[in-house]
**Q** 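Before we start, here is the structure in question, set down as C-alpha cells.
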Amino acid sequence: MKDKLLSFLKSQLKSIILIIVALICSFAAAAVVLLFAGYNPVEAFESILAGAIGSRTAIAQSFGKATPLMILGISVAVAFKGSSFNIGAEGQFYAGALGAVLCEMALHNSGLPSAAIITLCLLSAFLLGAVWGMIPGYLKASRGASEVVTTVMLTSVILLLVGFLVSQGGPIAEPRGIYPETQEIVESARLPYIWKGTRLHLGFAIALAVVAASYFFLEKTTGGYKIKATGLNPNAAAYGGISVGMVTISTMMLSGAIAGLAGGVEVLGTSWKLYVNLSPGYGYNAIAVALLGRLSPIGIVFSALLFGMLNTGCNQMARYIGIPNTIAAVIQALVLLFVVGFSILENKTFSLKLKKKGGTVCE
Amino acid sequence: MYALEIKGFTKTFGTLVANDNISLTLDKGEVLAILGENGAGKTTLMRGIYGMEVPDSGEMVLSGERVSIRFPKDAIRHGIGMVHQHFMLINNFTVAENLVLGMTEYTGQLLDRKTINQKINAFFEQYHFDVPADAKVKDLPVGLQQRVEIMKVLFRGAQILVLDEPTAVLTPQETQELFHIIRRLQSEGKSIIFISHKLDEVKAISQRILVLRLGRVSGVVNTSEADENRMARMMIGRELHTEEKPHQSADLIRRRVLKVEHLIIKNEKTIAVKGIDFTIFSNEILGVAGVDGNGQKELAEGIAGLCRVESGSILLNGRQIAGKSVKEIRRSKVAHIPEDRRATGLVLGFSISDNCILSQHDCPPFAKGILIDKKTVRRFARQCIEDYRIMAASEAETAACLSGGNQQKLIVARELAGDPELLVAMKPTRGLDVGAVEYIHSCLLEQRSKGAAVLLISSELEELMQLSDRIMVMHNGEITGIVYPEQVTAEEIGLMMAGQKRPEPVLVPKQGVIA
C-alpha cells in the first residue's frame, strides 16, 4: 500500500514537472512569435500571469472560464469511457442553454423563490441536453450510425435552431426586437456569486459537484461499471449480460445531459441570456480538456483550470499591451500544443522507467 | 564449437525474474526444443536471443565468436531469424513484397516487381515451396502464412531459426507439414530452436529438450531418453496425473437439465445449426466434437443467449430460455466459458476484482441498490485467486497482466462461483499448458460430480474422450452421431466429423436412472 502511494506520488510529480517543462518550452516558442510581432515577451508574459492569477478578480475570472470547460470535459469523458466519441458537446451545450432559457421564460413572472427557479431551469437544461445526446446514442445503438458524424450534425441543427429562435423578432427574442438574443433572465434565476467582491458564481461549485458526482458514479455504481465494461470490451460486456445497446444510449444521454447542464449554468451564471455566439467553442475545447485530464474527473479539474487561466491571461495580455487577439490565440494554442505533446511523452518515459526500476510490464 | 551458446542469461522485470541465469547450447543442424509452461520464461529468452529484450546479464557466443545483440537487426545480421507466434506479415502485401520488406540493399530504392517476383520464385524453388510470389498474404491459409514467415527468415540468410510456438495456430495436418520443413532445414545444416508447451510435438521433432520452469533451466535431456512423465515433472514441478472421470453409480438419479429441440440458428452467412435435438442430464458431461466452424460456436452462443435463435426450443429444467436475454439466462444458473478469453471472456483493462463480477455486477451481494460493494467484491476476488490458485500479485492487478492460464482460471472461477446447473464450456483449455489443462479438467469433473450438466465443446479429441459421458459429433450444423466414448475409436469419431452419419445415437448416459 505504502509502495503504491509512493509510486503514485512519484508519477504525479513527474506529470507536474513535465507540465512545467511544457510551459517553459511553450513560452519560449511564444517569445519567438512575440519578438517577430514586435512585442516585448517579458512584458507579455507578466501580463498573462497577472491576468490569470494576479488578483482576486483575475482568479475569479479564470475559475469562471474554467467552469463550463470542466462540466463539458466531464461530459466528453463519460462518453469516452463508454467508447462513444461525443464531439457534439457543443450542440448539447446549446440545447441545455435553450432548455434553461425556455424554463426561465415560463417562470419569468411566477415569483417563485430563487432556489426553485434555478433548480427547475438547470433541470430543464439537463433534460434537453439529455435528449440531444440520446438521439445519436439511439442511432448508434440501433442503426450503427457513427456518433462522430451524428453529434456533429446535430450540433449544426441546434445552432441553426437557436439562431432562428433568437433572431431579431424571432419566437423567443427579446421583445424590443433590436438584438438577436433573448430577454435577460430575472434576477431570481441568476446564479448567486460565491466569492465576495468577484463575479465567481455558484456555477463553479456546481462544476466541482459534477466532478465529484461523476467520479462517484463511474467508480462506485453498477451504472458506471456497465459504461466502463462496455467501453473497454463490448463483447465481454454482452457476454456478461450487459445490454450494450442500452448502455450506449444511456451513456450518450448522460453525456448530453451533463453538457446541457453546462449550457444552463452558462446562461444562469454568466450571460443571463441566450444568443448564437454564447459558446466560443467550449464544446470542442472540452475534448482537449478531457483528453489532457486523462479522462479522470480529478485530472479534468486541473486541465479545465489550466485552460481557464490561459484563456483569461491571454485575453488580459491582449487588452493591456495591445497585442492583437489573434496573437493571443496563437500563444494559447502553442501552450496547448506543448502540454498535450509532453503528456504523450510522459506515457512513454513512464513505461520505460517501469521496466528499469520495478513493477510488472503488461502488454 | 556450437552454433549458438548462451551463458548466464538473466532478465528481470521489476521484481519478476523472467529468466534466471539461463545457459544453453545449440549444435549446428540440431533441433533444440524449449519446453515450459506459460510464464516459464520461454518467450523472454527468445526475445533476448533475437534482440527484442536486452538481458540484464549474460553473454552470447555465435560459432565461437562473442556477439552483442541489442536490436533485432543485429540478430538478423548474425544469421538469427525468428518466426513469431503472431505473424509479422503485412496482409495486403504480396508474398514477395513481404520477403523483401526493408531490404533496400537487395531491391534498390525502386521496386521492380517483375524481377523481384522472379527472384523470389527461384528462391522458393530451392525449398520446394510452391506459393506464387505475387499472391497476397491475406489470401493464404494460416499454415502457408507461417511458411512465408519461415521463408522470410531464410531469405534474410538465417542459420539459426527460432520458432515461437509455431504449432499453436496449425491443424494437425499443417503441423506435420511444418515438421517436414523443419527436418529439411535441419538436413541443410540450419539450427532450430523450437518452442512449445506440447510434450508430444517436442518428442516428435527435437533432438534435445531444454525444460524451463519459473525462469530457470530445470533440465536438459536427449529426446530419445525423455519420457513424458519425467518431462512433465520438470515442467510443472510435480507428477502429472490425468484426471479420470469418477465412476457414477447405477442408481444415480438424473434430471433432464437441458433439452434442445429442433434448434435452428443462423449466422451472418448461413444456417449454422440445422434443427438439432439433444438432451444433457444432471451429473453429465456431453462432449461436442467437430471440425471448427460446423455450428459448435453458434450452438454454445445460442444457449448462452449471445446468438439469436431462429426457431426451436431450448429448455432449461423445463423452462424455455430460447430468445431470453443473456442476463435472464445467466440468472437461471447457466454459466458460460467462452471460446476466446481475451476477446470475450475478460475485460482486459479491468482489475481482477472487476472481472470477477462481470456477470454478477448488479446482483447481491456485489450490488447494493445502485452501488457496488467494493469490499465484498475484493473479498470475493481474493477468494477466487486463492481457490483457483491464480498467480497474481493482488486482486487490483489488471487482467491483462495475467498469463493465459491464469486468465482462464479467472474466468472459470467466476463462472463456477454461482454453482451453475448448466455449464457451457467452449474450448476451455485452448492454448493452455499441461498444468493448467489438468486443473481446468478437474474443475469440469467437479461440476459433474456436483450435479451440473456440462456441454463441453472442444477440438481436442483426447480431452473429449477423457472427460465426456457421451460425445456428440457435429458436421455442417447437424448431429452426425452421439456415442459413448468407451465404445468408439478416434478414427470413428473422425469419420463422423467428416460427415458420415452414425445411426442410433445414444440418448441417455450409461449409468443412472432418469427421473
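Chain letters run A, B, ... following the sequence lines, proteins first and then strands; every chain starts at 1. FYI, side chains are in, hydrogens and waters are out, and symmetry mates aren't considered; it's all heavy atoms of this structure.
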**Q** Which bit of A:F217 is near chain B, if near means a heavy-atom gap under 4.5 Å: side chain, backbone, both or neither?
**A** neither
**Q** Tell me, side chain or backbone of B:L306 under 4.5 Å from chain A's heavy atoms, or both, or neither?
**A** side chain
**Q** Using heavy-atom distances under 4.5 Å, tell me whether B:I329 contacts chain A through its side chain, its backbone, both, or neither.
**A** neither
**Q** With chain A, which of B:D373, B:I357, B:N355 has the greatest number of heavy-atom pairs at distances under 4.5 Å?
**A** B:I357
**Q** Can you tell me which of B:H336, B:E301, B:K374 forms the most heavy-atom pairs within a distance under 4.5 Å of chain A?
**A** B:H336
**Q** Against chain A, work out which of B:S325, B:A343, B:G369 has the most heavy-atom pairs shorter than 4.5 Å and name it.
**A** B:A343
**Q** So, are B:K266 and B:E298 salt-bridged, with charged N and O less than 4.0 Å apart?
**A** no
**Q** Report which part of B:D56 has an atom under 4.5 Å of a heavy atom belonging to chain A: side chain, backbone, both, or neither.
**A** neither
**Q** Pairs in or reaching into residues 221-236 of chain A: which pass side-chain hydrogen bond (donor to acceptor under 3.5 Å, both in side chains), with residues at least two apart or in two chains?
**A** A:K226-B:D362
**Q** Any chance you could measure B:R430, atom CZ, to B:Q408, atom CD, to the nearest 0.5 Å?
**A** 9.0 Å
**Q** Looking at OG of A:S296 and NZ of A:K81, how far apart are the two atoms once the value is rounded to the nearest 0.5 Å?
**A** 7.0 Å
**Q** Quick check for you: among B:R331, B:K327, B:H361, which has the greatest number of heavy-atom pairs under 4.5 Å with chain A?
**A** B:H361
**Q** Looking at B:L371, B:L346, B:T344, which has the largest count of heavy-atom pairs under 4.5 Å with chain A?
**A** B:T344
**Q** Quick check for you: among A:A237, A:A238, A:A236, A:G241, which has the greatest number of heavy-atom pairs under 4.5 Å with chain B?
**A** A:A236
**Q** Would you mind checking if B:E421 and B:K333 are paired as a salt bridge, meaning a charged N to carboxylate O distance below 4.0 Å?
**A** no
**Q** Roughly how far, to the nearest 0.5 Å, is CG of A:L128 from SG of A:C103?
**A** 11.0 Å
**Q** Is it true that B:E328 and B:R330 have a side-chain N and a carboxylate O under 4.0 angstrom from each other?
**A** no
